[in-house]
Amino acid sequence: MAVQISPSILTADFARLADVAAQVAGVADWLHVDVMDNHFVPNLTLGLPVVQSLLKATSLPLDCHLMIEDPDRWAPEYAEAGAGSVTIHAEAAKAPVRTLRAIRAAGARAGFALNPGTAVQQYEDLLGEIDMLLVMTVEPGFGGQSFLDVMLPKISKARELIGKHGGEVWLQVDGGVSAKTIERCAEAGADVFVAGNAVYGSGDPARAVQDLRDQAERATGAA
Ligand code: DX5
Ligand code: ZN
């Protein structure tokens with residue numbers, strides 16, 4: 001289970017996205033792009049045109065996290081545009097299996113996200129359709145929130161279900177992941193770590209990514 005770090009650009013400078021990507025190129029595994037529509041979450045960020053421009057501006061694969069009301073309509077287009085991973089929310093998708101299959105058919109990895117109030121057990125049957133399960137560790141919508149410790153048992157449960165399923169499903173955590181919390185996430189079984197403030201709120205984003213990776217690897221004994 002290799003540790004992967006996916007810096008979130010949410011709290012970075014949106015007028016300089018190419019530079020923001022370049023700051024972590026070569027050290028991060030992904031660039032996490034939070035798409036918000038002001039309906040599924042009370043915040044509005046960016047959409048497909050900006051993702052298309054960003055794809056031309058960086059060689060980092062994009063990890064698109066769709067916090068939108070109608071992912072069935074939009075998710076396949078992010079995959080077709082060239083995103084490496086497209087994550088839809090369980091609470092928003094009306095036809096998750098069809099949409100997850102469409103994401104894969106378009107050549108991207110299919111991600112499935114769970115809000116803090118959404119239990120993981122009910123989605124065990126979908127694990128075969130998913131390349132990455134995202135356990136939100138804050139209520140989605142904003143960067144810089146405090147990590148919800150109460151999600152740690154859910155991360156462990158998700159890891160257990162993934163192990164039982166036997167497939168290659170990555171387990172991502174997103175929200176409040178930092179030097180203070182990443183070890184607990186890794187110990188609970190997460191292997192893909194989104195970090196916004198901990199990376200772009202630091203003076204040296206590339207160094208922050210490396211430090212987070214070292215910490216997570218130490219915690220899982222993978223160093
Ligand atoms: C929140 C977003 C996160 C956010 C994380 O809804 O999905 O990706 O950018 O930011 P931090 O790491 O600052 O909590
Ligand atoms: Zn996110």
Side-chain angles (χ1 to χ4, degrees), residues 3-14 17 20-21 23-24 28-47 50-51 54 60-69 71 74-75 78 83-93 108-118 131-152 154-155 170-186 190-203 205 207-209 211-213 215-216:
V3 165
Q4 299 185 70
I5 308 291
S6 187
S8 165
I9 60 171
L10 183 60
T11 50
D13 183 352
F14 274 24
L17 289 182
V20 162
Q23 284 180 308
V24 295
D29 299 281
W30 297 87
L31 196 66
H32 184 86
V33 179
D34 289 303
V35 176
M36 304 184 183
D37 67 352
N38 195 36
H39 291 279
F40 182 68
V41 288
N43 196 4
L44 184 66
T45 54
L46 51 83
V50 175
V51 166
L54 197 48
L60 273 172
L62 299 190
D63 167 25
C64 292
H65 177 193
L66 305 188
M67 286 160 277
I68 60 176
E69 216 171 54
W74 291 103
Y78 285 84
S85 177
V86 180
T87 297
I88 61 170
H89 264 266
E91 304 81 8
R109 296 179 59 87
F112 196 61
L114 307 178
N115 278 345
T118 304
D131 297 303
M132 182 170 78
L133 187 63
L134 165 52
V135 172
M136 290 302 300
T137 42
V138 297
E139 294 291 354
F142 302 93
Q145 301 183 77
S146 297
F147 180 81
L148 295 172
D149 297 68
V150 290
M151 290 297 107
L152 286 166
K154 186 156 117 185
I155 301 168
W170 296 348
L171 181 53
Q172 185 177 62
V173 283
D174 180 10
V177 176
S178 69
K180 286 202 184 75
T181 58
I182 195 166
E183 288 172 11
R184 280 178 286 158
C185 293
D191 54 4
V192 186
F193 304 87
V194 177
N197 254 32
V199 171
Y200 287 110
S202 85
R207 179 66 197 267
V209 169
D211 289 349
L212 288 169
R213 185 192 304 282
Q215 264 191 293

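Note that ligands are numbered from 1 as they come in the structure, with each ligand's atoms numbered from 1 the same way. Counting begins at 1 with the first residue of the sequence.
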Would you compute the distance between atom CG of Leu62 and atom CD1 of Ile9 and round it to the nearest 0.5 angstrom? 8.0 Å
Looking at Asp174, the N, O or S atom sitting nearest the Zn ion (ligand 2) is OD2
Polar contact flag, side-chain donor to acceptor under 3.5 angstrom, Ser6-Asp63: yes
Rounded to the nearest 0.5 Å, how far does CH2 of Trp30 lie from CE of Met132? 7.0 Å
Let me confirm one number: the CG-NE2 distance from Asp174 to His65, rounded to the nearest 0.5 Å. 5.5 Å
Kindly tell me which protein residues have any non-hydrogen atom under 4.0 angstrom away from an atom of ligand 1, grouped by chain and ordered by number? Ser8, Leu10, His32, Asp34, Met36, His65, Met67, Met136, Pro140, Gly141, Phe142, Gly143, Gly144, Asp174, Gly175, Gly176, Val194, Ala195, Gly196, Asn197
His65 atom (N/O/S) at minimal separation from the Zn ion (ligand 2): ND1
Hey, does Leu46 have a side-chain heavy atom less than 4.5 Å from the side chain of Val35? yes
Asp34, N/O/S atom nearest the Zn ion (ligand 2): OD1
So, using salt bridge (charged side-chain N to carboxylate O under 4.0 Å, His left out) as the criterion, who are the partners of Arg184 when residues are at least two apart? Asp149
Do the non-hydrogen side-chain atoms of Val199 and Leu212 ever get within less than 4.5 Å of each other? yes
Taking the Zn ion (ligand 2) as the reference point, name the nearest N/O/S atom of His32. NE2
Heavy-atom side-chain proximity of Asn115 to Pro140 below 4.5 angstrom: yes
